[in-house]
Every structure is written in C-alpha cells, then in structure tokens.
Trainee: 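I have a structure here, written as structure tokens, and I will follow up with some questions on it.
FYI, the numbering just counts along the sequence from 1.
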Amino acid sequence: MDLKTEKYHWKKGITIIGIDEAGRGPLAGPVVASSVMINPEIQTKLLVTKNNNFKTLLKLTKDSKKLSAQQREKIFKLIKKIPEIKFTYTFINEKIIDQINIEQATFLAMKKSIQELEKKYKLKANLILIDGNRKIPKLNIKQKTIVKGDNKVFSIALASIIAKVLRDKKMLALSKKYPQYHFEIHKGYPTKLHLLLLKKYGPCKIHRKSYKPVQIIIQKLKTKI
C-alpha cells in the first residue's frame, strides 16, 4: 500500500484517524474497533533512515481479509515497533451487542476507540476515515466513509488488521473456556462446524442471543423441555 490518502490530507494540515472493526458477523464473542493515527513526520523520520520496519509495513499491508493469520500477526508486530503509528482498540461484548444491536455496538466501539486514542496520546483529529458507508452517529468530528477503505487507505488497513488480530486472540482465549465449540478454529463465525456444535450443545454465555441462528437453537431447545 502507499500513503497517498494520508499525504493528501497532511498537505492540507488535516490530522486524520483511520478506523475499522472486526466481529460484526460472528455468532459469539465481542466486536472490536481499532483507531490508527500516523504521525506525518514518519515521512522524514523513518523513510530516510536505515529503519526498514515502515518500508516493510507498507509492502506487506493490505485488506486484512486477504491476509493469513500469520501475515496479520507479523504486521501487528511491526506496527508496535513504529512509535509514529499510534493506535487504540475497544471491545464491546456480546451482552451489549444483544442489548443495543450489532450496528450500534460497532459504532460504540468505534467512538470509544477514537476517544481513547485522543486521550491516551493527547491528540486531536480533524477527520475520521471509516471503512464502509455508514458514519458514526453523534461524533463531533468530521467523518468520511470509504467503501472498501481497508483495501485503499493505509490507516484503515492497519486498523482492520489490528482489530482482526486482537479479536482472534480474544477468541483463542475464550476457546479454552468453552472448548466444546472450537472457537480457535472458526472464531465464532457461523461455519458448518460452529452451527453443528451450537445445535449439539446449545448456546453458551458468549453467544449472541439476538442473532437469528442462535435464537432458532434457543427456541428448539425450549420446545424439547
């Protein structure tokens, strides 16, 4: 990828945050949003030095869905080695997802992630670049939606990778608590295996009870009682 979008805004004196999420589709576990802000000085501070981390990062980064778990983990480790890249993330659990629905939970995760980024690093953004076509409600910062932004904008792609890596790690941890569902394999997505195990064991604590496939299982279990 390149810094084309970032440079365009930097030249106008605009501080931007790229944001994306992971976990809208799974039947279990949290949704997570990540926010990324790249210091414009990265152009002079890193690209002209012998530090190759950023060059490697640009070369390796693309839409997280087009990367293997190993590739995403490698990129995540590189991100953490570059202090000019600031990022935060926020998890919203399945209970809140069931209470306010997945779209609102995703917006909440995004908003909290942005607020945490600004607070943690004492930064203030002028523009939020969001993957997709929906803006975050009640956010007092200018926003721009970009369809397939995780495949076009470096900051968004990094946010997408961070969110995916961290959610996968969370589901791996949860797989040890609920081994019968094999979350380490499908991460909560409605795969054939997950649906078979859901039918066999019924939903567990971290399943999203508001999701239709889970509701159907719950109703079938009730009729058997």
Side-chain angles (χ1 to χ4, degrees), residues 1-24 31-47 51-67 71-91 106-136 139-168:
M1 297 192 82
D2 56 42
L3 287 167
K4 184 178 180 180
T5 300
E6 284 78 8
K7 288 179 179 178
Y8 172 81
H9 293 293
W10 291 342
K11 286 178 181 178
K12 293 187 175 185
I14 298 173
T15 303
I16 62 172
I17 288 176
I19 191 165
D20 202 2
E21 53 75 29
R24 286 178 66 99
V31 64
V32 57
S34 176
S35 297
V36 172
M37 181 185 286
I38 302 172
N39 187 334
E41 291 183 8
I42 200 166
Q43 297 175 87
T44 55
K45 290 180 71 176
L46 286 180
L47 296 183
N51 188 327
N52 290 318
N53 284 336
F54 190 71
K55 291 180 182 179
T56 304
L57 189 63
L58 282 171
K59 184 179 180 180
L60 295 178
T61 299
K62 54 185 173 181
D63 178 358
S64 66
K65 294 183 289 296
K66 297 179 180 179
L67 297 165
Q71 289 172 322
R72 289 192 296 266
E73 185 64 40
K74 182 178 180 179
I75 291 169
F76 183 55
K77 288 178 180 178
L78 275 174
I79 293 169
K80 292 191 289 184
K81 291 180 179 179
I82 303 171
E84 286 78 13
I85 298 178
K86 315 294 185 186
F87 71 90
T88 52
Y89 54 91
T90 299
F91 286 89
T106 302
F107 287 147
L108 179 61
M110 288 180 167
K111 185 181 290 187
K112 285 181 174 291
S113 180
I114 293 166
Q115 292 170 343
E116 178 63 22
L117 184 69
E118 293 185 326
K119 180 181 178 181
K120 182 177 180 179
Y121 297 106
K122 296 179 173 59
L123 300 168
K124 190 66 179 177
N126 308 112
L127 177 65
I128 308 297
L129 301 180
I130 309 171
D131 180 48
N133 59 4
R134 297 295 302 274
K135 292 183 178 180
I136 305 168
L139 183 69
N140 296 322
I141 308 174
K142 187 177 179 181
Q143 304 175 58
K144 181 180 180 181
T145 58
I146 302 173
V147 176
K148 296 184 179 179
D150 51 0
N151 199 38
K152 299 174 182 177
V153 180
F154 186 56
S155 300
I156 296 177
L158 293 184
S160 174
I161 291 166
I162 292 166
K164 179 63 175 170
V165 168
L166 293 173
R167 188 182 188 279
D168 283 358

Trainee: Does Y8 OH have over 12 foreign heavy atoms under 6.0 Å away?
Mentor: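 Open: at most 12 neighbouring heavy atoms sit under 6.0 Å from OH of Y8.
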Trainee: Evaluate side chain to side chain contact (heavy atoms under 4.5 Å, CB included) for L158 paired with I79, printing each intermediate quantity in order.
Mentor: CA-CA 8 Å; L158 293 184; I79 293 169; 3.8 Å; yes
Trainee: Around atom CZ of F107, are there more than 12 heavy atoms from other residues, nucleotides or ligands closer than 6.0 Å?
Mentor: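 Counting neighbours around CZ of F107, more than 12 heavy atoms of other residues, nucleotides or ligands fall under 6.0 Å, so yes.
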Trainee: Evaluate the side-chain proximity of T15 to W10: yes if any heavy-atom separation is below 4.5 Å, no if none is.
Mentor: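 A side-chain contact is absent here, since even the closest heavy-atom pair is not under 4.5 Å.
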Trainee: I would like to know whether R72 and D168 meet salt bridge (charged side-chain N to carboxylate O under 4.0 Å, His left out); could you show each step before the answer?
Mentor: CA-CA 11 Å; R72 289 192 296 266; D168 283 358; 3.5 Å; yes
Trainee: Are more than 12 heavy atoms from other residues, nucleotides or ligands located less than 6.0 Å from atom NZ of K65?
Mentor: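 Buried by this count: over 12 neighbours within 6.0 Å.
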Trainee: Okay, side chain of K152, backbone of V147: is any donor-acceptor separation there less than 3.5 Å?
Mentor: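 Yes, K152 side chain to V147 backbone: donor-acceptor pair under 3.5 Å.
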Trainee: Is any side-chain heavy atom of I114 closer than 4.5 Å to one of I19?
Mentor: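 Side chain of I19 against side chain of I114, heavy atoms only: contact under 4.5 Å found.
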Trainee: Compute whether any side-chain donor of one residue and acceptor of the other, for S113 and S35, lie under 3.5 angstrom apart.
Mentor: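 A donor-acceptor contact under 3.5 Å links the two side chains.
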Trainee: In terms of heavy-atom contacts, does NZ of K112 have more than 12 from other residues, nucleotides or ligands at under 6.0 Å?
Mentor: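 At most 12 heavy atoms, drawn from other residues, nucleotides or ligands, come within 6.0 Å of this atom.
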Trainee: Might you work through the salt bridge (charged side-chain N to carboxylate O under 4.0 Å, His left out) test for D2 and K4, ending with a clear yes or no?
Mentor: CA-CA 6 Å; D2 56 42; K4 184 178 180 180; over 6 Å; no
Trainee: Is any side-chain heavy atom of I141 closer than 4.5 Å to a side-chain heavy atom of N126?
Mentor: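 Answer no - side chains too far apart.
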Trainee: I would like to know whether T90 and V32 meet side chain to side chain contact (heavy atoms under 4.5 Å, CB included); could you show each step before the answer?
Mentor: CA-CA 5 Å; T90 299; V32 57; 5.9 Å; no
Trainee: Is there side-chain contact between I17 and L123, with at least one heavy-atom pair below 4.5 Å?
Mentor: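 No, their side chains stay 4.5 Å or more apart.
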Trainee: Exactly one of V36, L3, T5 should register a side chain to side chain contact (heavy atoms under 4.5 Å, CB included) with V153. Which one does?
Mentor: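 With V153 as partner, side chain to side chain contact (heavy atoms under 4.5 Å, CB included) holds for just one option, T5.
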Trainee: Are M37 and S155 side-chain neighbours, meaning at least one heavy-atom pair lies under 4.5 Å?
Mentor: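 Answer no - side chains too far apart.
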Trainee: Decide side chain to side chain contact (heavy atoms under 4.5 Å, CB included) for E41 and E84; before the verdict, give the C-alpha distance in whole Å, the side-chain angles of both, and the deciding distance to 0.1 Å.
Mentor: CA-CA 8 Å; E41 291 183 8; E84 286 78 13; 5.7 Å; no
Trainee: Quick one: are K66 and N151 in side-chain contact, heavy atoms under 4.5 Å?
Mentor: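 Yes, their side chains come closer than 4.5 Å.
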Trainee: Extract all donor-acceptor atom pairs below 3.5 Å that involve side chains of residues 127-136 and protein atoms in other chains or at least two apart in sequence.
Mentor:
| unit_1 | atom_1 | unit_2 | atom_2 | d |
| --- | --- | --- | --- | --- |
| D131 | OD1 | G149 | N | 2.8 |
| D131 | OD1 | D150 | N | 3.3 |
| R134 | NH1 | E103 | OE2 | 2.6 |

Trainee: Show, in sequence, the C-alpha distance, side-chain angles and deciding distance for T56 and L60, and conclude whether the side chain to side chain contact (heavy atoms under 4.5 Å, CB included) test is met.
Mentor: CA-CA 6 Å; T56 304; L60 295 178; 3.7 Å; yes
Trainee: Taking side chain to side chain donor-acceptor pair (under 3.5 Å) as the definition, give me every residue that meets it alongside S64, ordered by chain and number, with sequence neighbours left out.
Mentor: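 Partners of S64 by the side chain to side chain donor-acceptor pair (under 3.5 Å) criterion, ordered by chain and then number, come out as S160.
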